[in-house]
Asks: 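Dumping the structure here so I can ask a few things about it.
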Number of protein chains: 2
Amino acid sequence: VALLVALDKPVEPGLAGLLCRVPGVAGVKVGLPAALRGGIGWARSVARECDGLRVVDFKLADISSVMASTVEPFLGHYDAFIAHSFVGVEGALDGLKSLLDSAGAKLVLVATMSHEGARDVYDPSLPLVERVVERVDPWGIVAPATRPGLVSRLRGRFPGKVILSPGVGAQGARPGAALCAGADYEIVGRSIMDTGDPVEAARLVAAAQERALASCGGGAVGGG
Amino acid sequence: VALLVALDKPVEPGLAGLLCRVPGVAGVKVGLPAALRGGIGWARSVARECDGLRVVDFKLADISSVMASTVEPFLGHYDAFIAHSFVGVEGALDGLKSLLDSAGAKLVLVATMSHEGARDVYDPSLPLVERVVERVDPWGIVAPATRPGLVSRLRGRFPGKVILSPGVGAQGARPGAALCAGADYEIVGRSIMDTGDPVEAARLVAAAQERALASCGGGAVGGG
């Protein structure tokens, strides 16, 4: 079970539950556009429907007090929260990490991103970003399926961390590409949700992941 | 008029309008915690109350499609949108800039931040960040009042850009510190909103800015 379905638009009641029960689907990730449109109540109802890993992905990148106040309504409903490592420790990720620890929630830090522009600043800063990851010691990190070499590098550097990889589907990476490079979960949004039948699409992506893993010799996935 | 009041919690109807009419107040900035709790309808009502500069500050830091979908409900209601420069151009800020341009809205890019942790990755990456700012050519940039040397540097580097400076008040910078270093607006949140009388507190901060400007010899402020 290595597929996280990204919800970037609000979905009708029941669909998140159906998606979470598809074999191979590990859980859902709720994005900022969906949470703003659907509201906190909608986001909580998605979390209630899904037994798997529930991730809030706002790509938090602010000072401690703002990030804390942003995640607060989702604590107790979601399992993990994604923030940017770029903002650094003191006055930013330190406070967020403490809050999540005390709430029994997991922190996931973006190490770099899936789009071309990640080469402008994020990639050249990777050694500094890695030092932030080391110091903050999050549960997981985000590394791009579109650039599996970076997934391998981060897998080697952080053997104990769960790796979540976006970029599969609409952004060009094939299902399984990141898993074969060492990721624990692949995040897939548009190529599942922008179809007439998201449940069937999720089933197909999960099956494609399985096939890819079989051919690259990957073992048990879905970490943590 | 150089004071932007940061709303990080939803405020009751009418208060944003009163704040925007305080002499010296240039407008309001709505943060992510407030927008999530208050909802899109609340954020639009704040914008309707305020005749000044209306800024959405979600510290956007994602791929183009997600950032576009995040700002879309606020277009036509808010004037400017804050995003992080570190996400880079292609596949991220390029798409956001095009969307905002076509909607007649302004882009503001964070150049660096106000907290200590900004020294971990953001500051050492400043030359790369500046190159992104140059390429994207936003209306404004964000630089921290807590570190006026950086405001001066960015003022020199980008003479035509509007500079917005957070960090005044709760984070330690004194009113006027960033204006004297070359900023156009100072963003003040908690030391106005976490008082019993935010309107009076805004009046006092604006007056303190005026006094600071008079003593540092600053001229007309409130750019754009």
Side-chain angles (χ1 to χ4, degrees), chain A residues 6 8-9 31-37 39-40 43 57-74 83-95 110 113-125 127-129 131-132 135 166-167 170-171 189-190, chain B residues 6 8-9 31-37 39-40 43 57-74 83-95 110 113-125 127-129 131-132 135 166-167 170-171 189-190:
Chain A
D8 284 319
K9 297 172 193 160
L32 187 51
L36 283 166
R37 283 175 175 78
I40 293 169
D57 180 12
F58 296 163
K59 300 278 189 314
L60 296 166
D62 214 317
I63 58 173
S64 286
S65 58
V66 175
M67 294 196 289
S69 172
T70 301
V71 303
E72 194 274 336
F74 304 91
H84 274 288
S85 45
F86 212 95
V87 296
V89 184
E90 207 180 331
L93 295 172
D94 55 357
V110 178
M113 298 176 70
S114 55
H115 61 292
E116 267 300 305
R119 299 177 199 271
D120 294 340
V121 187
Y122 234 125
D123 286 0
S125 309
L128 298 172
V129 162
R131 211 170 308 157
V132 169
R135 287 170 62 201
Q171 290 180 69
R190 287 171 280 176
Chain B
D8 284 319
K9 296 172 194 160
L32 187 51
L36 282 167
R37 284 177 174 78
I40 293 169
D57 180 13
F58 296 163
K59 300 278 188 317
L60 296 165
D62 215 316
I63 58 173
S64 286
S65 58
V66 175
M67 294 196 290
S69 172
T70 302
V71 303
E72 194 275 335
F74 303 91
H84 274 289
S85 45
F86 70 72
V87 296
V89 183
E90 208 178 330
L93 296 173
D94 56 356
V110 178
M113 298 176 70
S114 53
H115 60 293
E116 267 300 305
R119 299 177 200 270
D120 293 340
V121 188
Y122 233 124
D123 286 359
S125 308
L128 298 172
V129 162
R131 213 172 306 158
V132 169
R135 289 169 61 201
Q171 289 181 70
R190 286 170 279 176

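A note on names: the letters A, B, ... follow the listed sequences, proteins ahead of strands, and every chain is numbered from 1.
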Asks: So which part of A:V132 gets closer than 4.5 Å to some heavy atom of chain B, the side chain, the backbone, both or neither?
Replies: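 It is the side chain, since no backbone atom gets that close.
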Asks: Going by heavy atoms in the side chains, are A:D57 and B:V66 under 4.5 Å from each other?
Replies: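 In short, these two side chains do not touch, never coming nearer than 4.5 Å.
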Asks: Which pair of heavy atoms, one from A:R37 and one from B:S69, lies closest together, and at what distance?
Replies: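 Smallest interatomic distance, heavy atoms only, reads NH1-O, 2.8 Å.
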Asks: Side chains of A:S85 and B:V121: closer than 4.5 Å at any heavy-atom pair?
Replies: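 When only atoms from C-beta onward are counted, B:V121 and A:S85 do not touch, as no gap falls below 4.5 Å.
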Asks: Tell me, for A:R190 versus chain B, whether the close heavy atoms (under 4.5 Å) come from the side chain, the backbone, both or neither.
Replies: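 Only the side chain of A:R190 comes within 4.5 Å of chain B.
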Asks: Please round to the nearest 0.5 Å and tell me the distance separating atom OG1 of A:T70 and atom CZ of B:F58.
Replies: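 The distance works out to 9.5 Å.
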Asks: So, using side-chain hydrogen bond (donor to acceptor under 3.5 Å, both in side chains) as the criterion, who are the partners of B:E90 when residues are at least two apart?
Replies: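 Checked B:E90 against side-chain hydrogen bond (donor to acceptor under 3.5 Å, both in side chains); zero matches.
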Asks: What is the ring orientation for B:F86 with A:F86, classed by angle as parallel under 30°, tilted 30 to 60°, or perpendicular over 60°?
Replies: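 Ring orientation, 0 to 90° scale: parallel.
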Asks: Using salt bridge (Lys or Arg N to Asp or Glu O under 4.0 Å) as the criterion, list what pairs up with B:D62, not counting sequence neighbours.
Replies: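 Partners of B:D62 under the salt bridge (Lys or Arg N to Asp or Glu O under 4.0 Å) test: A:K59.
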Asks: At a 4.5 Å cut-off on heavy atoms, which part of A:A118 comes close to chain B: side chain, backbone, both, or neither?
Replies: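 The answer is the backbone of A:A118.
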Asks: Quick check: closest heavy atoms across A:L36 and B:I40, and the distance to 0.1 Å?
Replies: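 Reported closest heavy-atom pair: O-CD1, 3.5 Å.
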Asks: Counting distance only, does the side-chain N/O of A:H115 pair as donor-acceptor with the main-chain N or O of B:S64 below 3.5 Å?
Replies: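 No, A:H115 side chain to B:S64 backbone: no donor-acceptor pair under 3.5 Å.
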